[in-house]
Number of protein chains: 2
Amino acid sequence: MDKFIAHILVVDDDDGIRSLVKRYLNDNNFLVTTADSAENASEKIKIVKFDLIVLDIMMPGKNGLEFIQDHKKKMDTPVILLTAKGEASERVQGLEIGADDYLPKPFDPKELVLRIKNILDKTIKIKQKRIIEFESVKIDLNKLLIIKSGKEFKINNTEKIILEKMINTPGKTFSREHIGQLIELDKERSIDVIITRLRKKIEIDPKNPKFLQTIRGAGYVLWIE
Amino acid sequence: MDKFIAHILVVDDDDGIRSLVKRYLNDNNFLVTTADSAENASEKIKIVKFDLIVLDIMMPGKNGLEFIQDHKKKMDTPVILLTAKGEASERVQGLEIGADDYLPKPFDPKELVLRIKNILDKTIKIKQKRIIEFESVKIDLNKLLIIKSGKEFKINNTEKIILEKMINTPGKTFSREHIGQLIELDKERSIDVIITRLRKKIEIDPKNPKFLQTIRGAGYVLWIE
DNA sequence: CTATAATTTAAAAAAATTTCACACATGGTA
DNA sequence: TACCATGTGTGAAATTTTTTTAAATTATAG
């Protein structure tokens, strides 16, 4: 599951929470922008399209619910509300208005991350390439199938793992060590054998690899188109 | 889909909450059954297949989290946890274990209804998938029948349980262990046999499975499109 | 051109899966 | 109840797939 980085806007007037959340989300591989008020947030969403907004309800000036009301119609960005404890009625309002989730304070940042991932999974179907075609070769990671000039070859699990990675970063050299870690194998010669087998399946002329090439001293690359 | 009435199990040791929730859900057109303990709930889910479970975490005897752990593997019923306020870590645990949502106490029954509807919307559709067709194969879990190129094969209970799960998450790999838990069998070779028999029924060429594939070292996947 | 290092390949070994044949249970029927 | 027919689970053998090893080949630097 390679490298889609979600951009998240964190809106809270409390500096402490803002920086805590920011740091935590950063560590979890999100790209984070913050705003200290609803007004400020409104500016930012005009400029950047975020993948998700984490929004405190209680803020001086416009509060979180008002922010949602202002923007929900035009915006399809999912929102997670942060509510002070016991604000049951506000939670209800928030959900009715169109928040996608809420998190009662105090919360465990871990939970925030869980919730965010949960929602992102639903909304952005992390679009990974799973079916690619080049020349007369088609690789279908769903059906675990390679079709080369009409002939079918099955992809096994090991091969799937390697192809998944390589397909999503074509042109990147993968060291044997790296590949070994992916498939939990540490004998380097064994990696070679796996590559050879893969070549038989994806290369038109396996002895002269065009797509899955060796980088001597460094590893292997997949070159598509 | 006209008038599907969801059957909900409410599990809480507190009489007050139980009856409050029951009444409120009843008023909102749900069919409600209650249980005053995890043990009691375990009995009931053996007998009735609920559409959703509302589960208090804090209970004497087994608590809610334990209940989920006991049943999650075999059960695909969604669970909403009721947590006392501030139980941040338990919420996290609950979500990690596989609860679908939680509601911090004190809560507004209105919110509970919102959350329930929300989850049911997501799950009901999926649960409905009981008849599927791909290529020249039709699987009908209602009639317990597979029709492959005109020929009929009966589905037995074991197979039904497995297919039910696999059909609803095509592309997901099911380990033998997982399948074993579903059908209460712990000999791994026996699982293989069951798969072989299933293949005879659903595969056009059982020796070269296209739909029900082996993921060596990991288990089996169903790929339908 | 040669020596050396790195990669490829083929074949053996190991591991995992499939299949077979039988045993046991279940339910129907005489 | 005894008998069969059918379906399901099990262990073991057969098969298939994957990993390892080692030999052969190819590339590179001097």
Side-chain angles (χ1 to χ4, degrees), chain A residues 143-146 152-164 166 173-223, chain B residues 141 143-146 151-164 166 173-223:
Chain A
K143 292 189 192 156
L144 300 176
L145 218 58
I146 293 173
E152 288 192 355
F153 300 84
K154 274 204 240 164
I155 298 170
N156 66 32
N157 200 234
T158 306
E159 293 164 341
K160 189 190 87 176
I161 293 169
I162 295 171
L163 284 176
E164 244 169 9
M166 289 193 141
T173 304
F174 288 75
S175 68
R176 288 187 180 69
E177 193 198 351
H178 184 176
I179 296 173
Q181 281 173 336
L182 292 178
I183 59 176
E184 286 166 356
L185 244 178
D186 57 357
K187 305 279 188 305
E188 302 223 327
R189 290 317 105 226
S190 301
I191 313 282
D192 298 346
V193 174
I194 289 164
I195 296 292
T196 303
R197 275 205 310 263
L198 250 175
R199 280 181 177 147
K200 293 220 178 89
K201 298 180 185 175
I202 75 175
E203 293 287 348
I204 315 247
D205 176 5
K207 300 262 176 178
N208 289 72
K210 189 174 161 188
F211 311 121
L212 189 44
Q213 297 192 338
T214 304
I215 308 294
R216 175 171 251 250
Y220 299 96
V221 205
L222 179 67
W223 276 113
Chain B
L141 290 180
K143 293 186 191 155
L144 296 176
L145 220 55
I146 294 173
K151 274 185 285 294
E152 287 194 355
F153 300 84
K154 273 199 247 167
I155 298 170
N156 65 34
N157 197 239
T158 305
E159 292 166 340
K160 189 191 85 177
I161 293 170
I162 295 172
L163 284 176
E164 247 169 7
M166 289 194 142
T173 303
F174 288 75
S175 68
R176 289 188 180 69
E177 193 199 351
H178 186 172
I179 295 174
Q181 279 172 329
L182 292 179
I183 60 176
E184 284 164 0
L185 244 179
D186 58 357
K187 306 279 187 305
E188 301 222 327
R189 291 314 108 227
S190 302
I191 313 281
D192 298 345
V193 174
I194 288 164
I195 295 292
T196 302
R197 286 173 183 158
L198 248 176
R199 279 181 178 146
K200 293 223 177 86
K201 298 179 185 175
I202 75 175
E203 292 287 349
I204 315 240
D205 176 5
K207 300 261 176 181
N208 287 71
K210 194 172 160 188
F211 311 120
L212 189 44
Q213 296 193 335
T214 304
I215 308 295
R216 176 174 250 247
Y220 298 96
V221 204
L222 178 68
W223 265 112

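Naming: A, B, ... by sequence-line order, numbering from 1 per chain.
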| query | Taking B:R199 for the side chain and B:L212 for the main chain, is one N or O donor matched with an acceptor at less than 3.5 Å? | reply |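 Answer holds: yes.
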| said: When you measure from the side chain of B:E152 to the backbone of B:I146, do you find a donor-acceptor pair of N or O atoms at a distance under 3.5 Å? | reply: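 Answer holds: no.
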Within this structure, what is the [atom1]-to-[atom2] distance between [X] and [N], rounded to whole angstrom?
X	N	atom1	atom2	answer
A:I179	C:dT7	CD1	C1'	13 Å
B:K160	D:dT8	NZ	P	13 Å
A:I215	D:dA27	CD1	C1'	14 Å
A:I161	D:dT18	CD1	P	12 Å
A:E159	D:dT17	CD	P	11 Å
B:L185	D:dG7	CG	P	18 Å
A:I162	D:dT18	CD1	P	12 Å
B:I191	C:dA16	CD1	C1'	15 Å

| B:R216 or B:S190: which one's nearest nucleotide on DNA chain D is closer to the 5' end? |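 Mapping each residue to its closest nucleotide by heavy atoms, the 5'-most match is B:S190.
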| task | Take A:K154 and B:N156, find for each the nucleotide of DNA chain D with the closest heavy atom, and name the residue whose nucleotide sits nearer the 5' end. | result |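 The residue whose closest nucleotide sits nearer the 5' end is B:N156.
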| message | Can you tell whether the side chains of B:K154 and B:E159 come within less than 4.0 Å, N to carboxylate O? | response |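 So B:K154 does not pair with B:E159 through a salt bridge.
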| message | To the closest 0.5 Å, what do you measure between CD1 (A:I191) and NE2 (A:H178)? | response |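 It is 11.0 Å, given to the nearest 0.5 Å.
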| query | Can you tell if the side chain of A:F174 reaches within under 4.5 Å of the side chain of A:I162, non-hydrogen atoms only? | reply |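 Answer no - side chains too far apart.
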| request: Please tell me if the side chains of A:K160 and A:L144 come closer than 4.5 Å, counting only heavy atoms from C-beta onward. | output: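 When only atoms from C-beta onward are counted, A:L144 and A:K160 do touch, with a gap below 4.5 Å.
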Could you pull out the protein-nucleic contacts involving nucleotides 18-20 of chain C (nitrogen or oxygen on both sides, under 3.5 Å)?
| from | atom 1 | to | atom 2 | distance (Å) |
| --- | --- | --- | --- | --- |
| C:dT18 | OP1 | B:R199 | NH1 | 2.9 |
| C:dT18 | OP1 | B:R199 | NH2 | 3.4 |
| C:dT18 | OP1 | B:T214 | OG1 | 2.3 |
| C:dT18 | OP2 | B:Y220 | OH | 2.5 |
| C:dT19 | OP2 | B:T196 | OG1 | 3.4 |

